[in-house]
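Note on naming: letters A, B, ... go to the chains in the order of the sequence lines (proteins, then strands), and numbering restarts at 1 for each one. Just so you know, these numbers use all the heavy atoms, side chains as well, and skip hydrogens, waters and symmetry mates.
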Amino acid sequence: MRLATWNVNSLKVRLPQVLQWLADNPIEVLCLQELKMDHPVFPLAEIEAAGYQAAWFGQKTYNGVAILVKNGCSLGDVVAGIPGYDDEQRRVIAATVDGVRVVCAYFVNGESVESPKYQYKLQWLAELERYVASELAVHRDFALLGDYNIAPEDRDVYDPEGWREQVLCTTPERDSFRRLIGMGLADSFRLFNDEDKQYSWWDYRAMMFRRNMGVRIDHILISDSLKARASACVIDKAPRKWERPSDHTPVVVTLA
DNA sequence: ATGGCAGGAATGTCCTGA
């Protein structure tokens with residue numbers, strides 16, 4: 001079983017790339033973020049024609065998340081949003097796929113530490129931690145995939161000093177990430193790759209991708225039981241090289 | 001120090017992203 005996460009920065013624009021990538025990579029579960037698409041206009045027909053089912057939680061202009069599941073896999077128990085947290089922004093959707101509890105999340109960016117959005121980010125992170133803990137209490141096989149908008153360590157950013165205590169890298173954000181790890185989750189990418197300069201997002205400006213000046217902020221955290229099944233986790237940079245790409249590129253984990 | 005690129009909403013130019 002392979003699971004992936006990809007912030008597509010508008011599914012309307014990126015749908016052909018998503019379908020191409022799935023044709024090239026016929027994985028079982030693809031979590032998408034930043035659909036930027038009203039819920040009713042989700043392109044279900046095109047996705048079904050490609051052999052996938054979908055659960056989605058759309059919103060006009062901003063946010064929006066979806067889980068695409070290959071036909072033949074079971075898809076059930078869909079929950080949109082964080083239960084018990086009244087949030088106008090549609091950032092989370094969960095589903096159970098072949099017995100694996102999958103949570104797809106588009107974490108808050110936060111803009112800057114001085115912004116009210118940063119306070120929203122910290123509150124949102126606390127609500128997510130509570131949600132993940134409650135899910136782990138009932139699901140042994142659990143994965144949290146998404147755009148975390150957190151670079152966990154200095155080696156996950158191209159210019160650690162320049163990013164010092166900037167949003168994505170602040171101590172409270174990294175503490176939240178570490179608390180998720182402390183719940184018994186593993187950063188699946190780091191199970192297989194200890195290198196620095198491994199990024200999942202590059203700014204569109206200033207040829208940052210060509211210069212490999214990016215940040216690793218898209219992650220797949222997996223429970224102990226899935227860690228035992230994991231055989232690989234890779235960042236697929238290919239779609240970032242395509243015409244009119246998303247600024248994020250997919251991350252894929254392979255489970256036995 | 002600033003803006004630079006991209007998408008959406010709208011049709012001016014601003015908001016948001018990271």
**Student:** So, OP1 or OP2 of B:dA6: does either fall under 4.0 Å of a side-chain N or O from A:Ser10?
**Tutor:** no
**Student:** Under 4.0 Å between a Lys/Arg side-chain N and an Asp/Glu carboxylate O for A:Asp194 and A:Arg155?
**Tutor:** yes
**Student:** Using the C1' atom as the reference point in each nucleotide, state the distance between B:dG8 and B:dG12 in Å, no decimals.
**Tutor:** 14 Å
**Student:** Looking across every strand, which nucleic acid part, if any, lies under 4.0 Å from A:Tyr148 by heavy atom: base, sugar-phosphate, or nothing?
**Tutor:** nothing
**Student:** Between the protein and nucleotides 9-12 of chain B, are there any N/O to N/O pairs under 3.5 Å, and if so, what are the atom names and distances?
**Tutor:**
| residue | atom | partner | partner atom | Å |
| --- | --- | --- | --- | --- |
| B:dA9 | OP1 | A:Thr61 | OG1 | 3.3 |

**Student:** Give me each pair satisfying salt bridge (Lys or Arg N to Asp or Glu O under 4.0 Å) with a member in residues 162-179 of chain A, each pair once, sequence neighbours excluded.
**Tutor:** A:Lys121-A:Glu173, A:Glu129-A:Arg179, A:Asp154-A:Arg164, A:Asp154-A:Arg174, A:Glu161-A:Arg164, A:Asp175-A:Arg178
**Student:** B:dA6 C1' sits how many Å from A:Trp201 CH2, rounded?
**Tutor:** 11 Å
**Student:** Select from A:Leu11 and A:Glu111 the residue whose nearest nucleotide in DNA chain B is closer to the 5' end of that strand.
**Tutor:** A:Leu11
**Student:** Can you tell me which residue pairs pass the ring-ring contact (aromatic ring centres under 6.0 Å, His included) test with a partner in residues 22-48 of chain A, sequence neighbours excluded?
**Tutor:** A:His39-A:Trp56, A:Phe42-A:Trp56
**Student:** May I have the distance from A:Leu15 (atom CG) to B:dG8 (atom P), rounded to whole angstrom?
**Tutor:** 12 Å
**Student:** Could you go through residues 130-146 of chain A and list every donor-acceptor pair under 3.5 Å that involves a side-chain atom there, pairing it with any protein atom two or more places apart or in another chain?
**Tutor:**
| residue | atom | partner | partner atom | Å |
| --- | --- | --- | --- | --- |
| A:Arg130 | NE | A:Glu127 | OE1 | 3.1 |
| A:Arg130 | NH2 | A:Pro83 | O | 3.3 |
| A:Arg130 | NH2 | A:Glu127 | OE1 | 2.6 |
| A:Ser134 | OG | A:Tyr131 | O | 2.7 |
| A:Glu135 | OE1 | A:Arg101 | NE | 2.8 |
| A:Asp141 | OD1 | A:Ser225 | OG | 2.5 |

**Student:** Report which part of the nucleic acid A:Asp147 touches: base, sugar-phosphate, or nothing (heavy-atom distance under 4.0 Å, all strands).
**Tutor:** sugar-phosphate
**Student:** Contact class for A:Asn109 (heavy atom, under 4.0 Å): base, sugar-phosphate, or nothing?
**Tutor:** base
**Student:** Between A:Gln59 (CD) and B:dG17 (P), how many Å, whole number?
**Tutor:** 11 Å
**Student:** Could you check how far OH of A:Tyr62 sits from P of B:dT16, rounded to whole Å?
**Tutor:** 5 Å
**Student:** Which is more 5' along DNA chain B, the nucleotide nearest A:Gly110 or the one nearest A:Arg14? Just name the residue.
**Tutor:** A:Arg14
**Student:** Under 4.0 Å between any heavy atoms, over every strand shown, what does A:Gln166 touch: base, sugar-phosphate, or nothing? Just pick one.
**Tutor:** nothing
**Student:** Considering every strand and a 4.0 Å limit on heavy-atom distances, what is the contact class for A:Asn7: base, sugar-phosphate, or nothing?
**Tutor:** sugar-phosphate
**Student:** For the pair A:Arg205 and A:Asp247, find out whether any cationic side-chain nitrogen is under 4.0 Å from an anionic carboxylate oxygen.
**Tutor:** no
**Student:** Give me the distance, rounded to whole Å, that separates B:dA18 from B:dG3 when you measure between the C1' atoms they each carry.
**Tutor:** 15 Å
**Student:** First locate atom OH of A:Tyr85, then atom CD of A:Gln123, and finally report the distance between them rounded to the nearest 0.5 Å.
**Tutor:** 4.0 Å
**Student:** Report yes if at least one side-chain N or O of A:Arg244 is closer than 4.0 Å to OP1 or OP2 of B:dG7; otherwise report no.
**Tutor:** yes
**Student:** I'd like to check the side chain to side chain contact (heavy atoms under 4.5 Å, CB included) partners of A:Val78; sequence neighbours left out, ordered by chain and number.
**Tutor:** A:Ala55, A:Leu75, A:Ile93, A:Ala95
**Student:** Which residues satisfy the salt bridge (Lys or Arg N to Asp or Glu O under 4.0 Å) test with A:Asp218, sequence neighbours excluded?
**Tutor:** none
**Student:** Could you state the atom-to-atom distance from NE2 of A:His248 to P of B:dA18 in whole Å?
**Tutor:** 5 Å
**Student:** Rounded to whole Å, how long is the line connecting atom OH of A:Tyr204 with atom P of B:dC5?
**Tutor:** 13 Å
**Student:** Check the distance between B:dT16's P and A:Arg205's CZ and give it to me in whole angstrom.
**Tutor:** 15 Å
**Student:** Using the P atom on both, measure B:dG4 against B:dC14 and round to a whole Å.
**Tutor:** 13 Å
**Student:** Taking the same atom, C1', in B:dA10 and in B:dC15, what whole-Å distance lies between them?
**Tutor:** 12 Å
**Student:** To the nearest angstrom, how far is A:Arg240 atom CZ from B:dA6 atom C1'?
**Tutor:** 10 Å
**Student:** Of the listed nucleotides (B:dG8, B:dG17, B:dA18), which one gets closest to any side-chain atom of A:Arg91?
**Tutor:** B:dG17
